[in-house]
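Report on one structure; see the data block that follows.
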Amino acid sequence: MSARTAVAAVLLGALVSAAAQPAPKLKVGLMLPYSGTFAALGTAIENGFRLHVEELGGKLGGREIEYVKVDDESDPAKAADHVQRLIRRDQVDVLVGSVHSGVALAMAKAARDSGTLLIVPNAGADAVTGALCASNIFRSSFSNWQPGHAMGEVVAKKGHKRVVTITWHYAAGDESVRGFKEGFEKGGGRVVKELVLPFPQSEFLAPLVEIAAARPDAVYTFFAGGGAVKFVKDYAAAGLKHRIPLYAAGFLTDGTLDAQGADAANLLTTLHYADGLGTSRDNMFRLAYAKSYKLQPDVYAVQGYDAAQMLGVGLSAVDGDIGRRDAFVDALRRARFDSPRGAFSLSKAHNPVQDIYLRQVRGRENRMVGIASKSLADPARGCRM
Ligand code: PHB
């Protein structure tokens, strides 16, 4: 064998053995609440994410998926440490999280600094796809402004003039109310009082007394998870359910109806998902979810599922080579995602442009009764990209 043939043989051997090596698993860092008032939301997101990965045989873009999980406890004070551990110690390829806006803001800052890919599967903090927007940050859910703004228009159209708002005083509550106020006041209404409680407090008696005394035409609220269950029950127990109509961002009644029972009956909410959409895409998803988890899916399950769809679309475009960042990002920007909620695409700031449904609680369902806002895009204030 000549020297040249020998070198060629060695190179060929190296190539063959490299090709025979399976690509290492892709590490997904799931930073979600598995305890506290949002615990059920974190689990639904993980369930939805895993469901899509399982549908594709445990792989996205040809890469097997390995999960590293952190319970972030919905505690913003611990969020920077948690996310740094995932990035530095665990060296995850992509971060998926979280539910709480304060936690997601810390994740977005860490993602910007480190360049790690981040897909936010719930938290609506406006800044994630606003002032903190970046090419490596994506959201599969919504901005806090979106359901709030849509409901502001609905309540104004119903002819209500004076509204009291009540929420937790942190990014999600404050921004949901701000979105509501913008839509409502544009339609001629006025927010006459803004009541707030510290997160995750759920002692509602004193503010409910204030609402009764203010006698507004209606109330708008953002609560979610365990706090939402308690608020709906307390609102009814205080005798307000049949006196002052209650409107909300749909989180108030999503994943909570079994616990709220009759106290939630007929409530109107706005959200990017609903029961009874009746599309074949949604029916397939709901059947598969119920089969896997013996549970009905909710909006959180959909957002987890779509986070996996987004990752899958990006990875397929780069044949699993997540290092080809420009092509990965480009694929997501161009994609139309076939979501159980209905198709959506991403805005320039990487937030879903989507229909916001008007839903009404009927039995144990948030039935779709109309579209409150068609193809609604968040204004992405402060985003330079
Ligand atoms: C948020 O903190 O952004 C948040 C939390 C729970 C929800 C929705 C938004 O259901």
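Every number for a ligand or one of its atoms is a count from 1 in the order of the listing.
- Between F223 and F204, a ring centre-to-centre spacing shorter than 6.0 Å is recorded.
- Atoms of ligand 1 found under 4.0 Å from any heavy atom of H100 (numbered from 1 in listed order, with element): 2 (O).
- Within ligand 1, the atoms closer than 4.0 Å to a non-hydrogen atom of Y170 are 1 (C), 2 (O), 4 (C), 5 (C), numbered from 1 in the order shown.
- Summary of contacts: the protein heavy atom closest to atom 4 (C) of ligand 1 is V99 O, 3.3 Å.
- Side-chain N/O atoms of E73 and H82 include no donor and acceptor closer than 3.5 Å.
- Heavy-atom contacts from other residues, nucleotides or ligands closer than 6.0 Å to NZ of K27 number more than 12.
- The ligand atoms of ligand 1 that sit less than 4.0 angstrom from a heavy atom of F142 are 8 (C), 9 (C).
- Considering only non-hydrogen protein atoms, atom 10 (O) of ligand 1 sits nearest to Y300 OH, 2.7 Å.
- Of all the atoms in ligand 1, the ones that sit under 4.0 Å from a non-hydrogen atom of A224 are 6 (C), 7 (C), 10 (O).
- Contact check for F49 versus Y67: side-chain heavy atoms found under the 4.5 Å cut-off.
- Less than 4.0 angstrom separates some heavy atom of A172 from each of these atoms of ligand 1: 1 (C), 2 (O), 3 (O).
- Within a 6.0 Å sphere centred on CZ of R334, heavy atoms belonging to other residues, nucleotides or ligands number 12 at most.
- In terms of protein heavy atoms, atom 3 (O) of ligand 1 is closest to S101 OG, 2.6 Å.
- Here R381 pairs with E182 in a salt bridge; the nearest charged N to carboxylate O distance falls below 4.0 Å.
- At a 4.0 Å cut-off, not a single heavy atom of F223 sits close enough to ligand 1 to count as contact.
- Between F184 and Y247, the ring centre distance reaches or exceeds 6.0 Å.
- Side-chain atoms of R341 do not come within 3.5 Å of backbone N or O of H272 as any donor-acceptor pair.
- Near N122, meaning under 4.0 Å from one of its heavy atoms, ligand 1 places the atoms 4 (C), 5 (C), 6 (C), 7 (C), 8 (C), 9 (C).
- Contacts of F222 with ligand 1, taken as heavy-atom pairs under 4.0 Å, involve the side chain alone.
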